[in-house]
Amino acid sequence: MIGPSVWIEVDLASLARNVRAFRRGLRHAGSAIMAIIKDDAYGLGMPAVARRLWREGVRAYGVASAQEALALRGVLPRATILVLGCVHPSALPGLVRARVRLTLSSPEDVRQAARAARHGRAIAHLKIDTGMGRLGVWHEDCDALFAAVRAAAGRIEVEGIYTHLSHADAADERPTTVQLWRYRRALARAACWGLKPKLLHAANSAGSLRFAALRLDVVRPGLVLHGIDPMGRGLSREYRPVATWKTRVASIKSVGPGRTLSYGGTHRVRRATRIAALPVGYSHGYRVAWSNKASVLIGGRRCPVVGRVTMDQILVDVGHLKAVRRWQEVVLLGRQGRERIGAEELARWAGTIPYEVQCGLSARIPRIYKNIR
Ligand SMILES: Cc1ncc(COP(=O)(O)O)c(C=O)c1O
């Protein structure tokens, strides 16, 4: 059988291991995990990731949109699902019927949710903006949100109040401390309106790992469950990367000194060598920024990417390898033998963040699930 020329292996046993490592890291805080599996579980495929997390005892999930929430409801009928993003009013009745939790960020959001819940109750998490500047009511203005909930006369059940951190991964801890303080003040205001929800949450991966004070009723990890460090340094050995991105050597040829390689001739060959072409390029998510910077793994050794990355091919120097064969397996991201290329390292090479590396893997690359059982 002819397999794909580019593929991503998703090791669900590593995902399970990471959940356990993350739980240990919470150190008796008792926080429940709300796994953030938006954007197709950070590009690895929501259904398989969600099912495995459920088996590991994760009961709550955060997604970006109404469409993602309904798809997840089809996969996990009993899960607690929170939509983190804004929802168009036309999608609200369907979400209320599916018992999907809504993020409400403004009095207008509250009124629309109450209207959609005409024949029942919308379950909501109120969002307070304590410094992110994205969704949520500004912390100073939170009374208006709480007043709107009261005016909704029982059509809104407030299950949670949450905020989102803007600097959880930054060396300077002060912005996070200020956000926590603003959040607590908003909670005190909520209590004055009689709102004492059972689920308080604030921490993403970095917030949960770094700040014990942020391990509240719920924590919302995303990237760390994939075995990737949001701070970009590399996690402890308790964690394992979930995704391995692979391709095969498509061709090999000898190249003499003085020749230039790929568009623009950005790499000039100094000494006679062998150059392998790999059938992957920026259309798969292999970024142009990695040209002449990144390495790949062949036979457990690093091989530098030479010349500009093209739409569906890259060139790597394999002159230092004793044996290299056509169709030999190549690791672009992940481990091979003793060597590893992490999303953190690829991010550094491109001047970006590891999130963008993983989420940038094209949806057309087949995901192959390992250790499903
Ligand atoms: C509101 C919210 N909470 C939690 C997360 C998870 O973040 P991370 O992947 O850094 O853990 C995200 C992701 O962007 C988010 O938007």
Side-chain angles (χ1 to χ4, degrees), residues 8 10-23 26 30-88 91-104 113 116-117 120-125 127 157-160 162 164 197-201 203-205 208 216-228 242-243 358-359 363 366-373:
I8 296 165
V10 179
D11 186 353
L12 297 172
S14 296
L15 180 71
R17 180 189 168 104
N18 296 342
V19 172
R20 287 177 225 135
F22 180 77
R23 275 211 184 98
L26 294 176
S31 314
I33 294 177
M34 175 184 284
I36 303 303
I37 54 167
K38 59 186 186 171
D39 301 305
D40 205 24
Y42 288 39
L44 297 193
M46 177 278 283
V49 168
R51 281 194 195 100
R52 187 52 185 251
L53 290 171
W54 181 264
R55 264 184 57 194
E56 287 306 311
V58 175
R59 296 291 177 258
Y61 298 83
V63 294
S65 66
Q67 290 72 16
E68 287 186 358
L70 295 176
L72 178 58
R73 177 57 80 223
V75 174
L76 298 179
R78 291 188 293 129
T80 297
I81 302 172
L82 171 66
V83 182
L84 301 166
C86 287
V87 170
H88 190 272
L92 289 172
L95 293 180
V96 172
R97 270 196 305 278
R99 302 177 326 281
V100 168
R101 279 62 172 159
L102 307 171
T103 291
L104 302 183
R121 263 151 54 116
I123 312 175
H125 289 224
K127 184 153 192 192
E157 176 187 333
V158 178
E159 183 182 60
Y162 77 106
H164 191 48
K198 62 176 196 237
L199 301 181
L200 303 182
H201 46 114
N204 54 3
S205 295
S208 320
L216 304 173
D217 303 306
V218 172
V219 288
R220 302 191 309 266
L223 195 72
V224 71
L225 301 180
H226 297 271
I228 303 174
V242 174
Q358 178 155 318
C359 295
R367 273 62 172 163
I368 295 172
Y369 296 99
K370 291 170 64 189
N371 299 313
I372 292 175
R373 295 264 135 236

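Values in this document were obtained by computation on a predicted structure and should not be read as measured data.
- The closest side-chain donor-acceptor pair between R101 and H125, if any, does not fall under 3.5 angstrom.
- Rounding to the nearest 0.5 angstrom, the gap separating the CD atom in E157 from the NZ atom in K198 is 6.5 Å.
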Checklist entry - Between V58 and R23, does a side-chain contact (heavy atoms from CB on, under 4.5 Å) hold up when you go through it step by step? => result CA-CA 11 Å; V58 175; R23 275 211 184 98; 4.0 Å; yes
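- Separating the SG atom in C86 from the CG atom in L104 is a distance of 10.0 Å, to the nearest 0.5 Å.
- Counting heavy atoms from C-beta outward, D39 and E68 have side chains that approach closer than 4.5 Å.
- For the pair H226 and V10, the minimum side-chain heavy-atom distance is 4.5 Å or more.
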Next on the checklist: Walk me through whether I36 and N204 qualify under side-chain contact (heavy atoms from CB on, under 4.5 Å).
Outcome noted: CA-CA 9 Å; I36 303 303; N204 54 3; over 6 Å; no
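- Distance CD1/I372 to CZ/R55: 10.0 Å, rounded to 0.5 Å.
- Atom CZ of R17 and atom CG of N371 lie 12.0 Å apart (nearest 0.5 Å).
- Taking CD1 of I81 as the reference point, atom CE of M34 lies at 10.0 Å (rounded to 0.5 Å).
- R73 contributes a side-chain N or O that, together with a main-chain N or O of A79, makes up a donor-acceptor pair within less than 3.5 Å.
- Considering only heavy atoms from C-beta on, I37 comes within 4.5 Å of M46 through its side chain.
- With rounding to the nearest 0.5 angstrom, the CG atom of D217 is 4.5 Å from the CG atom of L200.
- Nearest heavy-atom pair, L92 versus A113, reported as atom, atom and distance to 0.1 Å: CD1-N, 4.1 Å.
- Residues A243 and I8 share a closest heavy-atom pair of CB-CG2, 4.1 Å.
- Between L82 and H201, the closest side-chain pair of non-hydrogen atoms falls below 4.5 Å.
- S205 contributes a side-chain N or O that, together with a main-chain N or O of G222, makes up a donor-acceptor pair within less than 3.5 Å.
- Of the possible polar contacts, none joining the Q358 side chain to the G43 backbone as a donor-acceptor pair under 3.5 Å is found.
- Looking at heavy atoms from C-beta onward, F22 lies out of side-chain contact with N18 at the 4.5 angstrom threshold.
- Side-chain atoms of Y61 come within 3.5 Å of backbone N or O of W54 as a donor-acceptor pair.
- Shortest non-hydrogen contact noted between G85 and T103 is O-CB, 4.4 Å.
- Smallest separation of non-hydrogen atoms from P47 and V75: O-CG1, 4.1 Å.
- In this structure the side chain of Y162 reaches within 4.5 angstrom of the side chain of R220, judged on heavy atoms.
- For CZ of R97, the number of neighbouring non-hydrogen atoms (other residues, nucleotides, ligands) closer than 6.0 Å is 12 at most.
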